[in-house]
Amino acid sequence: MAEARPGRVVPAGTTGLVNNTIEFSAVDGPGNRFVVFTQGCNLDCVACHNPYTINPCIDCGDCVATCPSGALSLDRAGKVLWDASTCTGTEVCIDVCEYDSTPKARTLAVADLLGQLRPAVPFLSGITVSGGEATQQPAFVRSLFAAVKAEFGRLTCFVDTNGDVEAATWNLLHDVMDAAMVDLKCLDDDIHRRITGGSNARVLESIRLLAARGKLHEVRLLLLDGVNDADDLLAATGQWLASIDPRMRVKVIGFRNHGVRPSPVPLREPTAGQRAHYADVLRTQGDFDLVVV
Ligand code: SF4
Ligand code: SF4
């Protein structure tokens, strides 16, 4: 696991540290969804597509002078300020940051998010919190979901998670959360540690627990050519998933290099043929509801 770095205390309760929001998404759970991307993650994946969401900003100031539109500044207390109205979206600040962070994350109240959500509600199926790792801010997620349920009862509330989560967090979210999409980066713990920085023990336990409670929407397998895609490993993964639910919804995701940090050993994207083969291997183990992307 990545070593803890000094940083801002992640806010709890009715505010959260948020990287971004998307009003409409068709790829973050069922139907059309409003998505909240939180800032901060407890893993450090080599294949992370959003590495700037991993850590809260530590206000080192290194990015401030690099902003071509002057949208960044330091206040008297040494805190980095981002002016959204002058930001031109070049993301030079993110490129220059050595802490896998961004100066653009904002502390938002649940009420702020409800204000963004309200105009979109007629066109939405639900809301998804993603990351970073949303469950790192469990009190915020609970408050947000509870508020969404209270005001817009028909909207579903989903969590997109790396699964490295305490059972206590799932207990906290249980009555306000409809379901979760859980990443399983590898069934083999050694490989999992190599590619995420952490053990898969809590990931496996999260999948078991959520399935037993009827709260598991899908398991996502991100597969990297030559890293976690061996046939015997995939067959064992299928067998393990089938032992929980042979009809489980499983999404096979072929790794893509876009946005990923440079790696000492270059990571390779599987071909369409390889992705189809992964699905064939999994099908030998269960009658899964398989999606391949
Ligand atoms: S769990 Fe997700 S956000 Fe966290 S490092 Fe891994 S890929 Fe990135
Ligand atoms: S975003 Fe990164 S470079 Fe900029 S102040 Fe924060 S930690 Fe430093």
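This one's a predicted model, so the numbers in the text were calculated from it and none came from an experiment. We count ligands from 1, going down the list as the structure has it; atoms in each ligand are counted the same way.
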*Atoms of the protein (N/O/S only) found under 2.8 Å from atom 2 (Fe) of ligand 2*: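 Near atom 2 (Fe) of ligand 2, the protein supplies C97 SG.
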_Student check: side-chain heavy atoms of L184 and I207 closer than 4.5 Å_ =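 They are in side-chain contact.
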_Given V18, T107, T15, V129, the one that forms side-chain contact (heavy atoms from CB on, under 4.5 Å) with F140_ =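 With F140 as partner, side-chain contact (heavy atoms from CB on, under 4.5 Å) holds for just one option, V18.
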*Taking the hydrophobic residues Ile, Leu, Val, Met, Phe, Trp and Tyr, and joining any pair whose side-chain heavy atoms are under 4.5 Å apart, which ones share a cluster with I22?*
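For the cluster that includes I22, the remaining residues are V35, F37.
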*Using the ring of F158 (Phe, Tyr or Trp, six-membered ring only), decide whether R33 places NZ or CZ under 6.0 Å from its centre and within 45 degrees of its axis.*
yes
*Without swapping roles, check the side chain of E269 against the backbone of L224 for a donor-acceptor pair under 3.5 Å.*
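Checked: no pair found.
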*Considering all heavy atoms of both residues, which atom of C186 and which atom of N228 are nearest to each other, and what is their separation?*
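Looks like SG-CB, 4.0 Å.
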*Between R194 and D190, is the closest basic N to carboxylate O distance under 4.0 Å?*
no
*Sequence neighbours left out, what pairs pass side chain to side chain donor-acceptor pair (under 3.5 Å) with at least one residue falling in residues 61-72?*
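Found none.
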_Identity and distance of the protein heavy atom lying nearest atom 5 (S) of ligand 2_ = G61 N, 3.3 Å
*Audit row: T128, D28, side chain to side chain donor-acceptor pair (under 3.5 Å) steps and yes/no*: CA-CA 7 Å; T128 296; D28 291 288; over 6 Å; no
_Among K149, K215, R154, R213, the one residue meeting salt bridge (Lys or Arg N to Asp or Glu O under 4.0 Å) with D178_ =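 Among K149, K215, R154, R213, the one meeting salt bridge (Lys or Arg N to Asp or Glu O under 4.0 Å) with D178 is K149.
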*asked:* Inside 2.8 Å of atom 4 (Fe) of ligand 1 but strictly below it, how many protein N/O/S atoms are present?
replied: 1
_Can you check which of R261, Q39, Q136, K185 brings a heavy atom nearest to atom 2 (Fe) of ligand 1?_
K185
